[in-house]
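What follows is a single structure, written as structure tokens, with notes after it.
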Amino acid sequence: MISIGVPKSVAALCTGGIARAGALSEQATCSFAWVQSGVVGKSFGWSVGETLKRSQPRRAFATRSRAAASGGVNGTVADSKDSEYDYDLVTIGAGSGGVRASRFAANLGAKVAVCELPFSTISSDSAGGVGGTCVLRGCVPKKILVYGSQFAHSFEDSKGFGWSYDAKPKHDWNMLIDNKNKELNRLLGVYKNILKNANVALIEGRGKIVDPHTVDISGERIRARHILVAVGGRPYVPDIPGKEFAITSDEALDLPSRPEKICIVGGGYIALEFAGIFNGLGSEVHVFIRQDKVLRGFDEEVRDFVAEQMSLKGIKFHFGESPTAVEKGSDGKFTLVTTKGSEVADSIMFATGRKPNTKNLGLEDVGVNINSKGAIEVDEYSRTSVASIWAVGDVTDRMNLTPVALMEGMAFAKTAFGDEPSKPDHRYVASAVFTQPPIGTVGLTEAEALETYGDIDVYTSNFRPMKATISGLGNRTFMKIIVDAASNVVVGVHMCGDDAPEVLQGFGVAVKAGLTKAQFDATVGIHPTAAEELVTMRSPTRKLRQKSNKVAEEGAARPV
Ligand SMILES: Cc1cc2nc3c(=O)[nH]c(=O)nc-3n(C[C@H](O)[C@H](O)[C@H](O)COP(=O)(O)OP(=O)(O)OC[C@H]3O[C@@H](n4cnc5c(N)ncnc54)[C@H](O)[C@@H]3O)c2cc1C
């Protein structure tokens, strides 16, 4: 038996949470709990453990009186007597943003209730679950499946290092899904406890706003000084014939069996992450993308590089091809009809974006402004057009990431209840795509930097990592640093290759801190790592000078 240790990246399961001293954050709870549960290769369904124990830090509960709760950043909320309200805050939606905001508000002395739909792995207008998308249908289950699928590549890699297998390692999809669901159930309990320990009342039911201070929760009316809308979003499938035969990421995380062949529509991060998952687990994967490149919004070179690396692993990309229909055959298979042809598969997955859950929430009736994409419009403090109603997380469509929802939730709580007006800071937020190989990124793309600064220096490196020199596989790593030429400040770092998300978390601090390229250069690398390349790229690959309207001399590219 091969014993597999606890992954170093365990804390990244619930990305980005910051545990305050003495307090237990949602994210930290998730990570510690994961460690406690032990992670073994067999649990990921492979037939080829180790349990760490760590006591959870005790959290201190603040006991400021309810009456001390403030009236909000601008003091514009009607200053009514406490007796008018059942709660200082009612939060609709107990996902990342809602739980964080409620818990922090309660810690600041507010009397808080949060309402959430009953649990289901598939989200709908009437089902959800405490923990929200990240915990139940997003970051966490997805990363568990990514871990599960990565073993396939490790088996391949290991051969050059002397390993051999009597038979091809077999994977048990049902075991992986069972173990994933056990973990989700456990996390569901953990999240309920987080709320309970923070003295936040959890009310199961669908919340709907009746007036600026009243929420109807499945028939029960509750009055609150402040209302926080944190209802997130749900997958969107375009309105084409047969769309009911398509699955989304919700179902893909909970399929009764692994499709031998799957068509995935979409070129965003969710589409590509699932392509990697099914590819690793042995499915034939076809990805259909309307545009001519994957990952719109990411750095162009990263977009090209990741598609090339994924293609090497056998994923087939169909660029410039849009879906027009999904058909169900009598043999139980499905056909994806596109603008260029058709493909038959066991499952057709649409990862064609997500829409904010703003329908039938009573928002427009009370005067909350909603933009053309269905997202709630908020000011810098997450306040809507109605003074007593606030919104955080994906429902505001600012930056749809869990750590961002947490930041917005926390800033809201400080603003509304902490006497500390706080704006969430969306600049230089590092993020990752858990493709295989994964991407880590922080700051501006080359195009954005050029547009913003005019004159930039670009450093790139495309190399074969040490592991691949022995495994003999075609894996490569790409890194890029973008520097504002005038100030020498590093304004973007991008990486695609093994451990990129872990590496970029650290470099995210450096970029957020506004460090210069000279300071990167003054940092001694850790050897032998891939990450050391990020502090040893000395010669720019190109110097772009838009201010003076010319492209300066091409720097000597590092040898590939
Ligand atoms: C497949 C997938 C993978 C992802 N991977 C990552 C990742 O790796 N890293 C990352 O940072 N982000 C990731 N995300 C995004 C992340 O999950 C979201 O940004 C985050 O969950 C947003 O939090 P939220 O609080 O805004 O909403 P949610 O977490 O969606 O929570 C909203 C909650 O509101 C509830 N709700 C809705 N309507 C009502 C109502 N009327 N009454 C009561 N309750 C209601 C819902 O049931 C839900 O629980 C991923 C998302 C998906 C779909």
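Read the numbers this way: they start at 1 and go in the same order the structure lists the ligands and their atoms.
Residue-ligand proximity, P403 to ligand 1, at heavy-atom distances under 4.0 Å covers atoms 11 (O). Counting atoms of ligand 1 from 1 in the listed order, those under 4.0 Å from a heavy atom of G128 are 47 (O). Using a 4.0 Å cut-off to heavy atoms of G232, the atoms of ligand 1 that qualify are 26 (O), 27 (O), 30 (O), 32 (C). Near F434, the atoms of ligand 1 lying under 4.0 angstrom from a non-hydrogen atom of the residue are 8 (O). For ligand 1, the atoms lying closer than 4.0 Å to a non-hydrogen atom of G393 are 26 (O). Within ligand 1, the atoms closer than 4.0 Å to a non-hydrogen atom of I92 are 40 (C), 42 (N), 43 (C), numbered from 1 in the order shown. Atoms of ligand 1 found under 4.0 Å from any heavy atom of L361 (numbered from 1 in listed order, with element): 41 (N). Set against the non-hydrogen atoms of N400, the atoms of ligand 1 under 4.0 Å away are 15 (C), 19 (O).
Considering G138, P118, A351 only, the shortest heavy-atom separation from atom 2 (C) of ligand 1 involves G138. Across D394, T402, V433, L406, heavy-atom proximity to atom 22 (C) of ligand 1 is greatest for D394. The residue from I209, I270, D397 that puts a heavy atom closest to atom 52 (C) of ligand 1 is I270.
At least one heavy atom of R354 sits less than 4.0 Å from an atom of ligand 1. Remark: distances from the non-hydrogen atoms of P235 to ligand 1 are all 4.0 Å or more. Using a non-hydrogen distance threshold of 4.0 Å, A230 registers as a contact of ligand 1.
Contacts classified as side-chain hydrogen bond (donor to acceptor under 3.5 Å, both in side chains) and involving residues 359-370 (residues at least two apart or in different chains) are given here: K208-N360.
At a 4.0 Å heavy-atom cut-off, ligand 1 touches V231 through backbone and side chain alike. Looking at V404 against ligand 1, nothing comes within 4.0 Å, counting heavy atoms. Under 4.0 angstrom from ligand 1, the non-hydrogen atoms of K142 all belong to its side chain.
Between the side chain of N279 and the backbone N or O of V285 there is no donor-acceptor pair closer than 3.5 Å. Looking only at distances, a side-chain donor or acceptor of T415 sits under 3.5 Å from a matching main-chain atom of A411.
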For D425 and K512, run salt bridge (Lys or Arg N to Asp or Glu O under 4.0 Å): C-alpha distance rounded to whole Å, both residues' side-chain angles, the deciding distance at 0.1 Å, then the answer.
CA-CA 11 Å; D425 181 358; K512 180 86 181 165; 2.8 Å; yes
Given the rule in the side-chain contact (heavy atoms from CB on, under 4.5 Å) test, do K142 and R137 qualify, once you have shown the distances and angles that lead to the verdict?
CA-CA 7 Å; K142 172 224 33 213; R137 289 171 293 275; over 6 Å; no
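Inclusion of G207 in the set of residues having an N or O under 3.5 Å from an N or O of ligand 1 is warranted. Polar contact with ligand 1: present for S96 (N/O pair, distance under 3.5 Å). Residue R137 places no N or O, backbone or side chain, under 3.5 Å from any N or O of ligand 1. For ligand 1, none of its N or O atoms has an N or O atom of N357 under 3.5 Å away. Considering backbone and side-chain atoms alike, V395 places every N or O at 3.5 Å or more from each N or O of ligand 1. On a distance-only criterion, Y269 and ligand 1 share at least one N/O pair closer than 3.5 Å.
With 3.5 Å as the limit, one finds no donor-acceptor pair spanning the side chains of S218 and R206. Side-chain polar atoms of Q436 and S149 form a donor-acceptor pair below 3.5 angstrom. With no hydrogens or angles considered, no side-chain donor-acceptor pair links S388 and R383 at under 3.5 Å. There is a side-chain donor-acceptor pair under 3.5 Å between T441 and H494.
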In a table with atom names and distances, give each donor-acceptor pair under 3.5 Å that connects a side chain of residues 251-259 to protein atoms at least two apart or in another chain.
residue	atom	partner	partner atom	Å
E251	OE1	T248	N	2.8
E251	OE1	T248	OG1	2.7
D254	OD1	K180	NZ	3.4
D254	OD1	N181	ND2	3.1
D254	OD2	T121	OG1	2.8
R258	NE	L281	O	3.2
R258	NH1	S283	OG	2.9
R258	NH2	E260	OE2	3.4

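With a 4.5 Å cut-off on side-chain heavy atoms, D397 and N400 count as touching. F412 places none of its side-chain heavy atoms less than 4.5 Å from the side chain of F104. The shortest side-chain heavy-atom distance between N475 and P437 does not fall under the 4.5 Å cut-off.
Under 4.0 Å is where a charged nitrogen must lie from a carboxylate oxygen, and between E273 and K143 no such pair does.
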